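Single-structure report; data block below.
Computed from heavy atoms alone, side chains included, the values below leave out hydrogens, waters and symmetry copies. The shown structure was predicted, so the numbers you read here are calculated from the model rather than taken from an experiment.
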Amino acid sequence: MISANQLVILDRDGVINHDSDAYIKSLEEWIPYPSAIDAIAQLAQAGYTVAIATNQSGIARGYYDEATLHLMHERLTTLVEAKGGHIAHIAYCPHGPDEQCACRKPLPGLLLQIQQRLGMESIIGSWMVGDSLRDLQAGEAVGCQPVLVRTGKGEKTLANHKGLENTLVYSDLAAFADWLCKQ
Ligand SMILES: O=P(O)(O)OC[C@@H](O)[C@H]1O[C@@H](OP(=O)(O)O)[C@@H](O)[C@@H](O)[C@@H]1O
Ligand SMILES: [Mg+2]
Ligand SMILES: [Zn+2]
């Protein structure tokens with residue numbers, strides 16, 4: 001059984017790969033941060049379980065389809081596994097903001113999907129790493145420890161929002177992974 005504090009849930013765009021206000025619409029536009037791929041492998045080799053929770057409203061908006069999204073996630077998985085890491089599950093919300101789904105962050109549906117898929121009794125105390133406020137809110141809604149990275153929209157999130165006292169802040173995923181693996 002995976003213990004909650006051994007689970008690290010990652011937002012995707014702006015944490016693992018470069019984000020764009022024009023959305024990441026193709027495999028060619030999906031450009032990982034090399035240090036993030038190494039960080040995921042480092043966490044996995046240190047015994048952490050890594051999963052991903054990502055909003056992908058670009059599907060509902062018609063910018064790309066699920067087949068294209070799966071190509072990006074196959075590429076991500078291949079890169080991580082080539083470094084000796086593993087991604088336990090990728091949960092994504094394909095819906096638009098107006099569809100009232102239960103899985104679009106800041107709602108915690110993706111995190112609960114991960115919990116169920118991994119057969120965990122609780123994810124209270126798991127880590128939720130994101131670049132946007134909604135990532136942190138989704139994590140806090142189910143008792144995860146929110147972690148903000150300054151990559152992607154992270155600097156903007158930090159500048160625009162108060163009330164992040166309970167949030168750990170790191171320059172990027174690699175800095176957080178370095179810290180966590182030393183605990
Ligand atoms: O950061 P994650 O959750 O992995 O993915 C975010 C993306 O789905 C896109 O989410 C959009 O937000 P709206 O869905 O339009 O509110 C915008 O922020 C885009 O810039 C961004 O690429
Ligand atoms: Mg993001
Ligand atoms: Zn959804």
Side-chain angles (χ1 to χ4, degrees), residues 4-21 23-24 30-40 42-44 48-59 69 72-73 76 80 85 87-95 97 101-115 117-118 120 123-181 183:
N5 64 2
Q6 290 295 108
L7 173 64
V8 179
I9 302 173
L10 304 177
D11 171 54
R12 194 196 83 179
D13 296 335
V15 175
I16 297 172
N17 56 275
H18 294 267
D19 196 2
S20 163
D21 288 343
Y23 298 74
I24 304 302
W30 185 82
I31 301 168
Y33 299 120
S35 62
I37 302 297
D38 292 339
I40 294 170
Q42 179 187 9
L43 288 166
Y48 289 91
T49 295
V50 178
I52 295 170
T54 179
N55 284 357
Q56 290 300 323
S57 71
I59 292 172
L69 187 71
M72 297 178 205
H73 294 167
L76 167 57
V80 166
I87 294 172
H89 181 54
I90 300 177
Y92 64 89
C93 166
H95 307 112
C101 72
C103 51
R104 178 178 162 83
K105 296 175 289 184
L107 293 178
L110 296 177
L111 284 67
L112 296 172
Q113 182 191 123
I114 289 167
Q115 175 184 346
R117 175 65 69 92
L118 298 182
M120 296 175 68
I123 56 172
I124 295 174
S126 294
W127 307 89
M128 176 66 210
V129 185
D131 66 321
S132 298
L133 181 64
R134 66 190 186 191
D135 305 322
L136 311 176
Q137 292 169 326
E140 289 195 295
V142 285
C144 293
Q145 169 59 57
V147 181
L148 178 69
V149 290
R150 293 172 177 267
T151 50
K153 296 180 169 70
E155 289 291 0
K156 202 158 54 169
T157 302
L158 207 51
N160 295 345
H161 298 290
K162 302 289 169 260
L164 296 179
E165 295 77 24
N166 181 38
T167 299
L168 303 177
V169 180
Y170 287 90
S171 53
D172 58 14
L173 178 57
F176 170 67
D178 280 343
W179 172 82
L180 188 60
C181 291
Q183 296 316 297

4.5 Å side-chain heavy-atom contact, L10 and T54: no
With rounding to the nearest 0.5 angstrom, report the [atom1] to [atom2] distance, [X] to [Y].
| X | Y | atom1 | atom2 | answer |
| --- | --- | --- | --- | --- |
| H73 | Y92 | NE2 | OH | 8.5 Å |
| N55 | H95 | CG | NE2 | 10.5 Å |
| S132 | D13 | OG | CG | 9.0 Å |
| I90 | Q113 | CD1 | CD | 11.0 Å |
| L133 | L158 | CG | CG | 11.0 Å |
| I123 | Q115 | CD1 | CD | 5.0 Å |

So, does T151 use its side chain to make a donor-acceptor pair with the main chain of G14 at under 3.5 Å? yes
Do any N or O atoms from the side chain of W127 and from the backbone of N5 form a donor-acceptor pair under 3.5 angstrom? yes
What's the verdict on side-chain contact (heavy atoms from CB on, under 4.5 Å) for N166 and Q145, showing C-alpha distance, side-chain angles and the deciding distance? CA-CA 8 Å; N166 181 38; Q145 169 59 57; 4.0 Å; yes
What's the shortest heavy-atom distance between [X] and [Y], and which atoms?
| X | Y | result |
| --- | --- | --- |
| L111 | G139 | CD2-CA, 3.6 Å |
| A88 | L118 | CB-CD2, 3.7 Å |
| T157 | L164 | O-CD1, 4.2 Å |
| V147 | Y170 | CG1-CD1, 3.8 Å |
| I24 | M72 | O-CE, 3.4 Å |
| R150 | V169 | NE-CG1, 3.8 Å |

Closer than 4.0 angstrom, basic N to acidic O: yes or no for K153 and D131? no
Distance-only donor-acceptor hits, side chain of residues 172-181, under 3.5 Å, sequence neighbours excluded:
residue : atom : partner : partner atom : Å
D172    : OD1  : A174    : N            : 3.3
D172    : OD1  : A175    : N            : 2.8
D178    : OD1  : Q42     : NE2          : 3.0

Please name the residue in the list V80, I87, I52, D11 that meets the side-chain contact (heavy atoms from CB on, under 4.5 Å) test with I16. I52
Please lay out, stage by stage, how C93 and K105 fare under the test side-chain contact (heavy atoms from CB on, under 4.5 Å). CA-CA 8 Å; C93 166; K105 296 175 289 184; over 6 Å; no
